[in-house]
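Here is the naming used below: chain letters follow the sequence lines, and residue numbers restart at 1 for every chain. Just so it is clear, the model here is predicted, and its values are computed rather than measured.
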Amino acid sequence: MLSSLRTLWYTFLHLFQRNVTVQYPEQMPYLAPRYRGRIVLTRDPDGEERCVSCNLCAVACPADCISLQKSESEGRWYPEFFRINFSRCIFCGFCEEACPTYAIQLTPDFEMSEYVRQNLVYEKEDLLISGTGKYPEYNFYRVSGLAVPGKDKGEAEHERAPIDIRSLLP
Amino acid sequence: MSQSHAIVAGLLNVVLGLAFLMITAALLTWVERRLLGFFQDRPGPNRVGPFGVLQVAADGIKLLFKQDWIPPFADAGVFVLAPAISMITVMLAMAIIPATPLIGIIGDLNVGLLFFLAMSGLSVYSAVLAGWASNNKYSLLGGMRAAAQMVSYEVFMGLSLVGVVMLAGSFNLTDIVRSQRHMWYVVPQFLGFIVFFLGGIAETHRLPFDLPEGESELGAGFHTEYSGMKFGMFFVGEYIGIMLISAMTTVLFLGGWYGPVLPPFMWFGIKTGLLICFFILLRAALPRPRYDQLMALGWKLLLPLTLLNILVTGALMLGLPGPA
């Protein structure tokens with residue numbers, strides 16, 4: 001009986017407390033920098049696509065919402081198409097973790113509702129952004145040992161020249 | 001000529017009064033949701049119209065356009081009758097409330113209190129018949145609970161008012177209020193006040209005594225099968241029921257329209273409104289008791305208390321010189 005009255009009183013006191021509701025469309029909620037929202041494909045500092053279409057993101061994706069096709073030009077791999085079905089995506093961020101080139105990244109943006117379900121399938125041109133995202137300095141081809149046009153083996157950053165395996169000298 | 005004038009005036013009074021009731025009941029749904037929101041540190045419905053008032057209109061339109069479905073396994077006639085009973089009984093009971101000596105539909109009825117008890121007794125039928133006609137296990141359980149709960153709480157509600165009637169010496173609600181000019185009956189009849197209010201909550205099957213509905217266990221109980229405007233009628237009936245119990249408590253125990261400075265009808269409105277808010281606070285704060293706990297509270301605590309109240313009131317009236 002007494003506890004009921006106490007409950008009543010405490011509930012009544014809540015009348016004078018601040019609302020915790022964020023009035024969303026008028027008032028944006030704070031989204032953490034690492035918030036996992038809309039997925040983007042970033043470019044390297046030179047403005048080239050970072051994605052090398054290794055398919056690791058598609059393999060890691062538990063919802064199977066990523067689909068891409070490799071193509072090759074001048075010794076580099078590009079995705080011919082890159083498609084994310086956001087009606088299936090669960091925004092787990094596994095693709096971002098799997099990506100060896102920091103190409104695929106999740107952003108703090110969730111406002112992507114559509115009236116037509118088909119519109120939730122984003123193509124490469126929808127996904128590609130002009131910037132570098134979270135890693136402004138990183139360029140995969142500049143740090144990897146891979147030889148591409150304009151950069152031979154051993155010329156990458158923090159890389160030594162390859163060992164001449166036919167020489168006996170140390 | 002003058003007789004026809006009186007008839008027209010009377011009809012106008014009835015129609016306007018009932019329309020006022022309906023509108024207030026509809027607004028109450030919004031008030032309740034807003035207040036519940038505030039109690040839970042959230043704003044509640046605040047989107048449609050200023051402060052969300054037009055939420056009422058939106059809900060009404062939605063209810064009107066919903067499919068009005070009668071299940072094929074239901075007893076159609078009784079199924080339709082039940083929500084009508086729910087609304088008619090509370091509205092008829094509401095007619096005898098005197099807001100002020102002048103404002104009210106038939107405030108001067110000489111058996112007003114008995115009429116109120118009779119109508120709240122009849123309103124049991126709405127829940128019972130709805131539960132029975134739905135021909136559905138949950139509804140039947142709800143109706144059964146409603147029958148037991150409302151019939152037993154009816155007893156204490158009636159008995160708790162005996163003290164008031166003894167003090168006032170009348171069943172006429174206007175006279176009862178008039179006899180509270182110097183002291184509200186909540187003071188000498190405090191036990192009666194508590195029991196009447198608890199009984200009122202049970203009678204309107206509002207939380208925490210909403211066992212006939214019991215959303216979490218019976219899935220809306222006796223009105224599980226109802227949709228559209230028939231459900232709306234149960235809803236309006238329930239809210240008018242809240243208003244009825246609040247208004248009755250005001251009239252019987254809180255001195256009706258008496259109060260300093262402000263005009264009488266405002267005092268009546270303030271007292272009733274605060275009681276309605278208290279109903280909503282109860283809903284926000286208290287969990288539902290178990291069914292046997294509810295019955296035990298009624299028969300083992302409230303019944304002896306009311307009987308004691310009657311005994312003491314009678315003894316004091318006999319013992320003390322002059323009218324108490």
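- For B:Leu286, the part sitting under 4.5 Å from any heavy atom of chain A is the side chain, from C-beta outward, and nothing else.
- At most 12 heavy atoms of other shown residues, nucleotides or ligands fall within 6.0 angstrom of atom CZ in B:Phe190.
- Heavy-atom neighbours of A:Glu74 CD from other residues, nucleotides or ligands within 6.0 Å: at or below the threshold of 12.
- Heavy atoms of other residues, nucleotides or ligands lying less than 6.0 angstrom from CD of A:Glu125 number more than 12.
- The candidate with the highest count of non-hydrogen atom pairs below 4.5 Å against chain A, out of B:Ala284, B:Pro208, B:Cys277, B:Pro43, is B:Pro43.
- Within 6.0 Å of the CE atom in A:Met112, the count of heavy atoms belonging to other residues, nucleotides or ligands exceeds 12.
- Listed in order of number, the residues of residues 86-101 of chain A that approach chain B to under 4.5 Å between heavy atoms amount to none.
- For residues 151-162 of chain A, heavy-atom neighbours of chain B at less than 4.5 Å comprise no residues at all.
- Ranked by non-hydrogen atom pairs under 4.5 Å with chain A, the options B:Leu281, B:Leu282, B:Leu35 are led by B:Leu281.
- Within residues 7-36 of chain A, the residues having any heavy atom under 4.5 Å from a heavy atom of chain B are, by residue number, A:Thr7, A:Leu8, A:Thr11, A:Phe12, A:His14, A:Leu15, A:Gln17, A:Arg18, A:Asn19, A:Val20, A:Thr21, A:Gln23, A:Pro25, A:Glu26.
- Partners of B:Trp299 by ring pair (Phe, Tyr, Trp, His ring centres under 6.0 Å), not counting sequence neighbours, listed by chain and number: B:Phe156.
- Shown here is A:Phe110, whose CZ atom has more than 12 heavy atoms of other residues, nucleotides or ligands within 6.0 Å.
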